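Presented below is the structure to which this report refers.
None of these values were measured; they are calculated from a predicted model.
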Amino acid sequence: MSLPRKVGVSGDEAMAYASKLTEKLGDNGLVVVYPYFIAEKSGTLKVELNRIIIETVKGDLWNFVSDGYKNATIIIQNDGEEDILGDEEFLSEVEKDEIVKWVPKIRGMFRDDIYSGESVLLEWSFASDSDSKGEKISDSYLVFYEARTVE
């Protein structure tokens with residue numbers, strides 16, 4: 001699925017596009033505008049009752065969602081046992097720890113869902129702010145941009 005989007009344009013162009021799209025969609029959709037960033041590494045974090053699963057891909061999450069490509073899958077059991085499938089060095093320890101440190105907060109927010117047998121699936125990227133030409137203008141940071149429960 002390819003959602004309508006306008007990437008790497010000025011704020012004025014983005015607002016004009018969003019206004020037209022809002023008018024077209026009416027009450028049948030939602031338009032989200034956010035600053036442009038370059039995704040250096042992306043993936044999903046699945047939080048289950050007894051383990052977490054981190055799936056990773058170089059670049060934008062679309063490489064994973066659309067193409068099904070992934071660089072590594074990291075499975076961490078609650079007892080700390082860890083298995084890595086794929087490129088074991090793709091995520092640094094610092095990057096992995098940055099993702100994992102949010103798991104207690106996620107488990108707290110979705111406690112009832114997790115204890116009822118559901119999992120929480122989050123989409124994330126290590127990203128950098130960029131200008132409209134796609135040039136990096138900040139240090140990398142972790143951003144989560146979707147969280148939903150799955151069975």
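The backbone N or O of Phe90 lies less than 3.5 Å from a partner atom in the side chain of Lys41, making a donor-acceptor pair. Under a 3.5 Å cut-off, the side chain of Ser125 and the backbone N or O of Val143 do not form any donor-acceptor pair. The closest donor-acceptor contact from the side chain of Ser138 to the backbone of Ser128 lies at 3.5 Å or more, if one exists at all. Without hydrogens or angle criteria, Asn71 side chain to Gly86 main chain gives no donor-acceptor distance under 3.5 Å. Side chain of Asn63 to main chain of Lys58: a donor-acceptor pair is present (N/O by atom type, distance under 3.5 Å, no hydrogens or angles).
Within a 6.0 Å sphere centred on CG of Asp97, heavy atoms belonging to other residues, nucleotides or ligands number more than 12. Counting non-hydrogen atoms of neighbouring residues, nucleotides and ligands closer than 6.0 angstrom, the CD atom of Glu146 exceeds 12 such neighbours. Heavy atoms from other residues, nucleotides or ligands lying under 6.0 Å from NZ of Lys96 number more than 12.
A salt bridge links Arg148 and Glu123; the closest N-O separation between the charged side-chain nitrogens and carboxylate oxygens is under 4.0 Å.
Shown here are the ring-ring contact (aromatic ring centres under 6.0 Å, His included) partners of Phe126, two or more places apart in sequence or in another chain: Trp124.
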Please tabulate, for the side chains in residues 21-29, all donor-acceptor contacts under 3.5 angstrom to protein atoms that are two or more places apart in sequence or on a different chain.
{"from": "Thr22", "atom 1": "OG1", "to": "Ala18", "atom 2": "O", "distance (Å)": "2.7"}

* Stepwise, does the side chain to side chain contact (heavy atoms under 4.5 Å, CB included) test hold for Thr44 with Phe64? -> CA-CA 9 Å; Thr44 59; Phe64 177 66; 3.9 Å; yes
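By the criterion of side-chain heavy atoms lying less than 4.5 angstrom apart, applied directly or through intervening Ile, Leu, Val, Met, Phe, Trp or Tyr residues, Ile99 is grouped together with Ile76 in one hydrophobic cluster. In the hydrophobic cluster analysis, where Ile, Leu, Val, Met, Phe, Trp and Tyr join through side-chain heavy atoms closer than 4.5 angstrom, Phe110 is grouped apart from Ile53. Under the 4.5 Å side-chain heavy-atom criterion for ILVMFWY residues, no single connected hydrophobic cluster contains both Leu45 and Tyr141. Grouping the Ile, Leu, Val, Met, Phe, Trp and Tyr side chains by contacts below 4.5 angstrom, directly or via other members, places Leu61 apart from Ile54. Cluster annotation: Tyr115 and Val120 are assigned to the same hydrophobic cluster (Ile/Leu/Val/Met/Phe/Trp/Tyr, side-chain heavy-atom contacts under 4.5 Å, transitive).
Rounded to the nearest 0.5 Å, atoms CG (Asp83) and CD (Glu88) are 9.5 Å apart. Expressed to the nearest 0.5 Å, how far CD1 of Ile114 lies from CD of Glu48 amounts to 9.5 Å. To the nearest 0.5 Å, the span separating CZ on Phe37 from CD1 on Ile137 amounts to 13.0 Å. From Glu98, atom CD reaches atom CG of Leu91 across 11.5 Å, with rounding to the nearest 0.5 Å. Expressed to the nearest 0.5 Å, how far CG of Leu49 lies from CG of Asp113 amounts to 12.0 Å. To the nearest 0.5 Å, atoms OG1 (Thr73) and CG (Leu85) are separated by 5.5 Å.
Minimum interatomic distance between Ile38 and Glu135 (heavy atoms only, all atoms of both residues): CD1-C, 4.2 Å. Closest of all the heavy-atom pairs between Asp60 and Val57 is O-CG1, 3.8 Å. Scanning both residues, Asn78 and Arg51, for their nearest heavy atoms gives OD1-N, 3.6 Å. Listed here is the closest heavy atom pair of Ser140 and Lys136: OG-NZ, 4.0 Å.
Under the 30°/60° scheme for interplanar angles, the aromatic rings of Trp102 and Phe144 are found to stand perpendicular.
Checking each of Ile52, Leu122, Ile75, Leu121 against Lys46 for a side-chain contact (heavy atoms from CB on, under 4.5 Å) leaves exactly one that passes, namely Leu121.
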